[in-house]
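Just so it is clear, the values below take in all heavy atoms, side chains as well, and ignore hydrogens, waters and symmetry mates.
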Amino acid sequence: SNTYEWADVLADGPPQPVDISADDLAMLMYTGGTTGVPKGAMLTHENMIANSQQVRAWAPEVTEGEEVMMTALPLTHSYSATAAMNHSISAGYGQLLIPDARDLAMLLKVVTTHRPTFFPGVPTLFSAISRHRHVVSGKYDLSSIKWCISGAAALPPEVKRRFDELTGGQLVEGYGLSEASPVTHANPLDGSVDTGFIGFPLPSTDCRIVDEETEIEVLGVGERGVLCVSGPQVMQGYWGTPEASANVLRTDENGKVWLHTGDVAVMDETGRFAIVDRKKDMILASGGFNVYPREVEDVLFEHPAVVDVGVIGVPVGGQDQRVKAFVVLDDGASATEEELIAFCRDRLARYKLPRAVEFRQELPKTFVGKVLRRELAAEEKARQSD
């Protein structure tokens, strides 16, 4: 067997010093697998240390040695490992380790009792907190939290609005991916950037937008294309899959390595970025129109009865698709398919409207709460073939 009990390893003798260089492999961080099979991103010691220092430089408002970090996400996820654990260690913060963020009663009691000031999380968690009846009633005191960072999935504007309004905290969106250790962008902690933006690149991070078809032509301000990043936090490649590595790590004519994220984005004239959606999730609507699931999901999140939503194109794999939404309603709330489609009609172009709405008790998700659209698509495809 290649598996060893840690106690047995320690029993073999005292630890031996090992020479380690900055470019040695430190971690295999597996991708979330929301659009395909998870792959092991090879992150070096330099990648991990650089990203924690970049996060510290991005947040000058925080006080070294004085903040209290609430770590509510699994440390096996790249976002939590860097933004919570490594960031706290490097800056000397106190750290509250939450074993199960799904236990909201326990989490909220920890906030009230231990008074955290910094809280990285994911949209589903912030949505659940803002809807919790004892948060709405004011039973729990969340006033100690100065900054909440949302990552790992797109932050619907309605979730931010509701959270800020009910808690008094400042919820800002950031962006990253396992292949970049993971943080590449974030909004200022003062909340000065409008909702819908992932913010500006972190220090020492270069970004550009390239065309979706070839991912070669560099586009300008306001043009929609694939986001590429370059910086000291970018991985060395995928473990054991050189072909996949070559597809996402591309060297330009000046010898600079760019990570092609697969996310469609746009940059405005101030240098701030907004994510449109995953390139692989784009819906090919009739008439040659492209629909990105996120823009439909953001609208449905505005409906007061909706607590969770995932959108795909049907028929799966077709060239003439229609939008289908999978919706979870709030406890005790009600809504019909016709009502939700009518709600979207006032807010979306006709070709973006859901043609079908399926109600679910829950949606398939990664362990940090990101909706697995690929699983919804696989279920739908299986139905198509029946």
Do Gln233 and Thr184 pass the side chain to side chain donor-acceptor pair (under 3.5 Å) test, and can you show the C-alpha distance, the side-chain angles, and the key distance before you say yes or no? CA-CA 8 Å; Gln233 72 270 53; Thr184 65; 5.9 Å; no

Taking the side chain as every heavy atom from C-beta outward, state whether Arg115 and Ser143 have any atom pair closer than 4.5 Å. yes

In terms of ring plane angle, is the pair Trp147 and Phe118 parallel, tilted or perpendicular, where the classes change at 30° and 60°? tilted

Between Phe197 and His185, does the ring centroid distance fall short of 6.0 Å? no

Above 12 or not: heavy atoms from other molecules or residues under 6.0 Å from CZ of Arg347? yes

Kindly indicate, with the supporting measurements, whether the criterion side-chain contact (heavy atoms from CB on, under 4.5 Å) is fulfilled by Ile209 and Val226. CA-CA 5 Å; Ile209 304 290; Val226 175; over 6 Å; no

Candidate list Lys365, Arg360, Lys370, test salt bridge (charged side-chain N to carboxylate O under 4.0 Å, His left out), partner Asp308, passing option: Lys365

For Phe200, check ring-ring contact (aromatic ring centres under 6.0 Å, His included) against everything at least two apart and list the hits. none

Once the angle between the rings of His77 and Tyr79 is folded into 0 to 90°, is it parallel (under 30°), tilted (30 to 60°) or perpendicular (over 60°)? perpendicular

Which pairs, with at least one residue in residues 238-263 and sequence neighbours excluded, count as a ring pair (Phe, Tyr, Trp, His ring centres under 6.0 Å)? none

Sorted by chain and residue number, the side chain to side chain contact (heavy atoms under 4.5 Å, CB included) partners of Thr214 (sequence neighbours excluded) come out as Asp211, Ile216

Could you tell me if Arg161 sits above the aromatic ring of Phe163, with its cationic atom closer than 6.0 Å to the ring centre and no more than 45 degrees from the axis? no

Does a side-chain heavy-atom distance below 4.5 Å link Tyr175 with Leu227? yes

For residues Phe359 and Phe326, establish whether the separation of their ring centroids is below 6.0 Å. no

Is the number of heavy atoms from other residues, nucleotides or ligands under 6.0 Å of Asn254 CG greater than 12? yes

